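Down below is the structure, laid out as structure tokens.
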Protein chains: 2
Amino acid sequence: MVQKSKPPTAATEPKRRGRPRAYEPDVALGKALDLFRKQGFAATSLDDLSTATGMNRPSLYGAFGDKRELYIKSYQRYRDEAGAAIGAVFREEMPLRQRLERIYASALDIYLSGDSGPRGCFTVVTAASEAVGDPEIRAMVLDGLTGLDKAFASCFRRAKEKGELPESSDPLVLAQIASATVHTIAIRSRARVPRKELEAIVKGAIDVMIGAKG
Amino acid sequence: MVQKSKPPTAATEPKRRGRPRAYEPDVALGKALDLFRKQGFAATSLDDLSTATGMNRPSLYGAFGDKRELYIKSYQRYRDEAGAAIGAVFREEMPLRQRLERIYASALDIYLSGDSGPRGCFTVVTAASEAVGDPEIRAMVLDGLTGLDKAFASCFRRAKEKGELPESSDPLVLAQIASATVHTIAIRSRARVPRKELEAIVKGAIDVMIGAKG
DNA sequence: CGATTTTTGTACCATATCGCAAATTAATCC
DNA sequence: GGATTAATTTGCGATATGGTACAAAAATCG
């Protein structure tokens, strides 16, 4: 039940008072996230989480609260990471097609990762499921969905201004198709559709969005 | 623990031998399906299923097998129903736009139904989740996904032949966008996005697919 | 070193869960 | 009516589950 034996890594120790933690909260949360992504909320037991994180249940509870809180914190972490990944692509300057390709590539990287099979998208695979019954999770899911829509919308708006899209194009509509494409590969990846096929879907969608063919 | 007190409804009784069933398998499976759609596999207990179907656990077990088998049978039932609904739309002759509108309308009917909140799509919300770990479910999910793709593809192929689409259009690509649109509304409906918004997404997607604007 | 603080480890509790065995009930067949 | 068949009902049992109480451990502070 030990995660790391060597003393706390971070140099910025405010010299905590009592017995030092045997785990690093960040890596523990990462492990919890992995499990929740793979199995969902209900199918993941505290024992599972305990062995995966290397923390025993009381420590888990003390650090993150009960199972639902841990789930929400895991989801928050996932969203932060995913948001950072696509945010990076948005900040760089590049042609529309390339930007889209990069976004979908990093989405696929996220969805297809995992030792025991692709884990898909947290939002789509498990959070959406919990969203019906849990208002807090629902709010996060909605926020994630509209966040993606908006990111794509601004992306297309910018492209249109730069003349990369015909004047007749509607950035909001294109954004929803772009989001839908993200959603469809998220679902398909969970069914172990091979990356090649997912990339083909992405390519076709990009062609349509850019107006190469329709 | 009684589902119906009156004797078996169906006129086609082969005069079964022993004590008559107190339930009708069809309605029981429907109730099970409702629950699984709402809660997913792991979060649905046999007790839940028992009270919902009006059958006690041994009867449930005798009729449908263990929980996983019941889940698979429920999913099969869902697919049969959904397939029948869109199949009906495909058999009729009508212009492309109208056909697409009808398909999405019946999809929304399915996704948004439910007493305690919209239940979304079985395939997307729960089956895809189980698909990673269960080959049989995965096969069903894949079958459902490609089935939808193919249905849309033939739809667009027909439309192209009839001159409803430009010669440059690729039915396979359009089909994948059409499927992606189904997937995105399935996910969003689970997050309680109102029907109006979902219909707007559908309308935008149809416009792009038909080539009205891009 | 002793007191204090914080975390860990063990053990536990109440309940839920899945599945099944045995007895009971209700129908048909002869 | 008695035998047979099939479904129901009750209840059990082994295990899993989420959560917590409590003592031991490991650090800092004075």
Side-chain angles (χ1 to χ4, degrees), chain A residues 1-10 12-29 31-32 35-36 39-74 130 134, chain B residues 1-10 12-29 31-32 35-36 39-74 130 134:
Chain A
M1 203 50 67
V2 164
Q3 192 178 91
K4 266 201 169 182
S5 47
K6 69 175 171 182
T9 319
T12 60
E13 296 167 48
K15 276 210 169 166
R16 302 178 50 86
R17 198 65 155 69
R19 175 172 178 169
R21 279 193 282 245
Y23 60 91
E24 286 177 68
D26 278 354
V27 324
L29 192 56
K31 299 286 187 184
L35 259 192
F36 279 131
Q39 304 176 342
F41 178 77
T44 303
S45 71
L46 286 185
D47 278 332
D48 292 340
L49 293 164
S50 177
T51 58
T53 57
M55 303 163 64
N56 39 34
R57 252 169 306 157
S59 297
L60 212 53
Y61 198 83
F64 304 109
D66 69 5
K67 190 180 164 185
R68 179 176 164 279
E69 286 181 80
L70 177 52
Y71 179 84
I72 289 179
K73 290 192 170 101
S74 299
E130 309 296 326
D134 191 313
Chain B
M1 203 50 66
V2 164
Q3 191 179 89
K4 266 202 170 181
S5 46
K6 69 175 170 181
T9 318
T12 60
E13 296 167 50
K15 278 210 166 165
R16 302 177 50 88
R17 198 66 154 64
R19 176 173 178 168
R21 278 192 284 244
Y23 60 92
E24 287 177 66
D26 278 354
V27 324
L29 191 57
K31 299 287 187 184
L35 260 192
F36 279 132
Q39 306 177 341
F41 178 78
T44 302
S45 71
L46 285 185
D47 278 331
D48 292 339
L49 293 164
S50 178
T51 58
T53 57
M55 303 163 64
N56 39 33
R57 252 169 303 151
S59 296
L60 212 52
Y61 198 82
F64 304 109
D66 69 5
K67 191 179 163 185
R68 180 176 163 278
E69 286 181 80
L70 177 52
Y71 178 84
I72 290 179
K73 290 191 171 103
S74 299
E130 309 297 326
D134 191 313

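Just so we're clear, the structure is a prediction, and the values are computed from it rather than from any experiment. Protein chains get the first letters and strands the later ones, always in sequence-line order, with residue 1 at the start of each.
With sequence neighbours left out, the salt bridge (charged side-chain N to carboxylate O under 4.0 Å, His left out) criterion links R19(A) to no other residue. Residues satisfying the side chain to side chain donor-acceptor pair (under 3.5 Å) test with D47(A), not counting sequence neighbours, are R57(A). Residues that satisfy the salt bridge (charged side-chain N to carboxylate O under 4.0 Å, His left out) test with D48(A), not counting sequence neighbours, are absent from this structure.
Across every non-hydrogen atom of L70(B) and A32(B), the tightest pair is CD1-CB, 4.0 Å. Between K67(B) and A42(B), the shortest heavy-atom distance links the atoms NZ-O, 3.7 Å.
In this structure, the side chain of K31(A) does not engage the main chain of T51(A) through any donor-acceptor pair within 3.5 Å. Between the side chain of T44(B) and the main chain of G40(B), a donor-acceptor pair closer than 3.5 Å is present.
A heavy atom lying under 4.0 Å from DNA chain C marks the following residues of residues 64-73 of chain B, by number: D66(B), K67(B).
Side-chain contact between L46(A) and L49(A) is present, with heavy atoms from C-beta onward closer than 4.5 Å. No side-chain heavy atom of L29(A) sits under 4.5 Å from any side-chain heavy atom of T53(A).
When each of L46(B) and S59(A) is assigned the nucleotide of DNA chain C bearing its nearest heavy atom, the one mapping closer to the 5' terminus is S59(A). Along DNA chain D, the nucleotide nearest T44(A) and the nucleotide nearest L60(B) are compared for position; the residue whose nucleotide lies closer to the 5' end is L60(B).
Taking side-chain N and O atoms only, N56(B) has no distance below 4.0 Å to OP1 or OP2 of dT8(D). Contact between the side-chain N/O atoms of Y61(B) and the OP1/OP2 oxygens of dC20(C) is found at a separation under 4.0 Å.
Rounded to whole Å, atom P of dG18(D) lies 7 Å from atom CG of D47(A). Taking atom CZ of R21(A) as the reference point, atom P of dT7(C) lies 6 Å away to the nearest angstrom. With rounding to whole Å, Y23(B) atom OH is found 7 Å from dA7(D) atom C1'. For the pair L49(B) CG and dT17(C) C1', the computed distance is 12 Å after rounding to whole Å. Rounded to whole Å, atom C1' of dT17(D) lies 11 Å from atom CG of D48(A). Note: CZ (R57(B)) to P (dA22(C)) measures 17 Å, nearest angstrom.
An angle of 0°, rounded to 10°, separates the two end axes of the helix from dC1(C)-dG30(D) to dC30(C)-dG1(D), each defined over five pairs.
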For nucleotides 22-30 of chain D, 5' to 3', base contacts (B), sugar-phosphate-only contacts (S) and non-contacts (-) with protein non-hydrogen atoms under 4.0 Å give ---BBBBS-
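The aromatic rings of F64(A) and Y23(A) sit tilted, their planes meeting at an angle between 30° and 60°.
Once rounded to the nearest 0.5 Å, the distance linking CD of E130(B) with CZ of R68(B) reads 10.0 Å.
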